Every structure is written in C-alpha cells, then in structure tokens.
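In this text, all values refer to a predicted model and were calculated from it rather than measured experimentally. Along the sequence shown, the residues carry numbers beginning at 1.
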Amino acid sequence: MKHTRLLVMSQPGKQICLIGGSFNPIHMGHLQMARSAQAQCMADEVWFVPAGQPWQKKSAGLAPAADRVRMVELAIEGVHSWRVERQEVDHTGPSYTVDTLEALSDRHPNHRFSFVIGADQLANLTTWQHWESLFDYARIGVVDRIQWGEFTVPEPLKKHLMHDRLFRIPMPSIQLSSTLLRRQFELLDSPEAQIRETARSTLEAGLPTQVYKYLMAKPIYRPNAV
C-alpha cells in the first residue's frame, strides 16, 4: 500500500483526538491523557482506539480484545464527547498506525485528526511502519509529563515540529502503568493480608470505578483465582 495521500479538507469538520493503546487495562492515566489532549487540541471529540494485534508488542499477557474494548467503554461512560473506535480490533492481522489513520481519514474526510502518543513513543516513532506518512493524515501530539523545560525531539522529526504537524501536550505527572496494575492483580492472591490490601487500594485508586468492578468480577489478570 502506498501512503502518499495529503490531508485536504473540502469543508469544515470536527477536530478529533485519537488516543491509541492496548488499554491492558485502561487506567486513570489514560483518562488524564485524554483530558489534556482534548484541551490542548480544542477537540470536539476524543476517540479511543484499542489495538487489535500491536505489531511492536508481544501478545502474551494481552487481554482479549472484547474485554479491552468493554473496559474502555466502561471507563468513558457518561462522557458524551468520548467514544470507542473499533478500527484496529476489527482488523485482521497486525495493526499499523498509518493504516488506521488512512482508513479513518477515508471514512471521515472532513474531520481533522490529531493522533496522541506518549513522550516515550516519540523516540521510537521513526521505527514505525511508513512513519513519514503519519503526518499526511494527522497532527501528532506528544503527551509530556515533564511540563517545564526543553521539549526534546529527534532530528528527523524537527521539520514537522516547525510546521506544527508535531506538538507538545503538557500533562500532570501520574505514576501509573498498565503493567503496574496487572501486577497488583497478582498480589491480590498473596498469603500476606497487608500485601493484598495494598494491592486492592492501588487498583481502586488507579482504575476507573466501573473498570475495577469489571475486573474484580471477571478475573482476566488473575487466571488462578477461584
């Protein structure tokens, strides 16, 4: 597939922020990222794009797509400008961001897209499939938890920064990760009561309430739970 289409709008449309990720599971940090991105982009809507088969990540430990989609739905319930976009989970085979952006641009030619990534992903962006074509379909927003100081951009990407196709999204620092939270589920089965209680408290604080309830009722990350 040749990715050469330029982003041209025939008439005004909505400003959309795309938040991609495995969401394994979705947590409060993801929601803060969405709020910060929506404010920075002055976006009409935020679309969460759960990955189907991420090409740069091993699938071991990845919850089924249906569960990850359901958790996102529960996390964003009641926020009318947020929704789930199923482009990648309904796609067969590895998911490449450039293909996702091309498909969404074709389906919604009047929308203006910003694709949001973490600062840790910026350093690897030039290893992505057809990475230069990403900018044909969307501006790339980089969530930066270091809100002050220099914004470090790899040399090949600086031209996009100059042309406002790459931009910074300041965000309050939240020390959370899906990996950390999955580990807490394992600790719920510890023989030590204090460890179990600490794990439970961490999960209650780090997960949206309905996601926490979903995972306590359905032990996706606790395969040995009764």
Side-chain angles (χ1 to χ4, degrees), residues 16-35 37-38 43 45-108 111 113 115-118 121 128-129 138 143 174 176-189 199-200 202-226:
I16 307 296
C17 270
L18 301 171
I19 311 288
S22 55
F23 302 119
N24 189 40
I26 189 169
H27 54 68
M28 301 303 287
H30 293 127
L31 302 188
Q32 181 58 58
M33 176 187 293
R35 285 190 287 269
Q38 187 168 21
E45 296 179 3
V46 174
W47 297 358
F48 291 78
V49 189
Q53 184 182 331
W55 71 276
Q56 283 190 327
K57 290 186 178 181
K58 295 180 181 179
S59 59
L62 187 65
D67 286 307
R68 292 184 289 110
V69 169
R70 183 58 186 148
M71 286 189 282
V72 175
E73 291 172 342
L74 290 169
I76 67 176
E77 204 168 48
V79 184
H80 300 300
S81 62
W82 292 5
R83 73 173 180 85
V84 178
E85 168 52 57
R86 297 183 55 95
Q87 173 65 35
E88 293 196 0
V89 294
D90 290 341
H91 174 76
T92 302
S95 300
Y96 297 106
T97 300
V98 69
D99 294 331
T100 299
L101 294 180
E102 182 182 40
L104 293 177
S105 295
D106 286 344
R107 278 165 43 199
H108 308 281
H111 289 351
F113 291 103
F115 185 76
V116 179
I117 63 174
Q121 294 173 296
W128 291 18
Q129 184 90 344
V143 173
I174 297 179
L176 269 181
S177 72
S178 296
T179 301
L180 168 70
L181 293 171
R182 291 196 302 272
R183 173 59 179 153
Q184 302 312 303
F185 280 104
E186 296 174 11
L187 295 177
L188 289 176
D189 299 317
R200 186 180 298 274
T202 301
L203 289 167
E204 283 187 297
L207 294 169
T209 300
Q210 295 305 315
V211 174
Y212 172 76
K213 291 179 179 179
Y214 182 84
L215 288 173
M216 293 303 288
K218 189 174 185 178
I220 296 168
Y221 302 116
R222 298 172 65 194
N224 298 322
V226 177

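Remark: the backbone N or O of Pro25 is paired with a side-chain donor or acceptor of Ser178 at under 3.5 angstrom. A distance-only check finds a donor-acceptor pair linking the side chain of Asn24 to the backbone of Gly61 [under 3.5 Å]. One N or O on the side chain of Gln184 and one on the backbone of Leu180 form a donor-acceptor pair closer than 3.5 Å. Put simply, the side chain of Arg68 never gets that close to the backbone of Leu62: no donor and acceptor are under 3.5 Å apart.
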### Message
For Arg200 and Glu204: C-alpha separation, side-chain torsions, deciding distance, then whether side-chain contact (heavy atoms from CB on, under 4.5 Å) applies.
### Response
CA-CA 6 Å; Arg200 186 180 298 274; Glu204 283 187 297; 4.2 Å; yes
### Task
Could you walk me through whether Met216 and Phe185 pass side-chain contact (heavy atoms from CB on, under 4.5 Å), step by step?
CA-CA 9 Å; Met216 293 303 288; Phe185 280 104; 4.2 Å; yes
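In this structure, Leu207 and Leu215 approach most closely via the heavy-atom pair CD1-CD1, 4.2 Å.
Met71 places a side-chain heavy atom less than 4.5 Å from the side chain of Tyr214. Proximity of Leu31 to Ile26: side-chain heavy atoms (C-beta onward) are separated by under 4.5 Å at one or more points.
Counted by atom type alone, Gln87 and Thr100 present zero donor-acceptor pairs between their side chains at under 3.5 Å. A donor and an acceptor atom, one from each side chain of Gln121 and Trp128, are nowhere located under 3.5 Å apart.
Atom CD of Glu102 is separated from atom OG1 of Thr97 by 12.5 Å, given to the nearest 0.5 angstrom. Rounding to the nearest 0.5 Å places CZ of Arg35 at 11.5 Å from CD1 of Ile19. One finds the CE atom of Met28 at 7.5 Å from the CD1 atom of Ile174 (value rounded to the nearest 0.5 Å).
Ring geometry for His108 versus His111: interplanar angle under 30°, hence parallel rather than tilted (30 to 60°).
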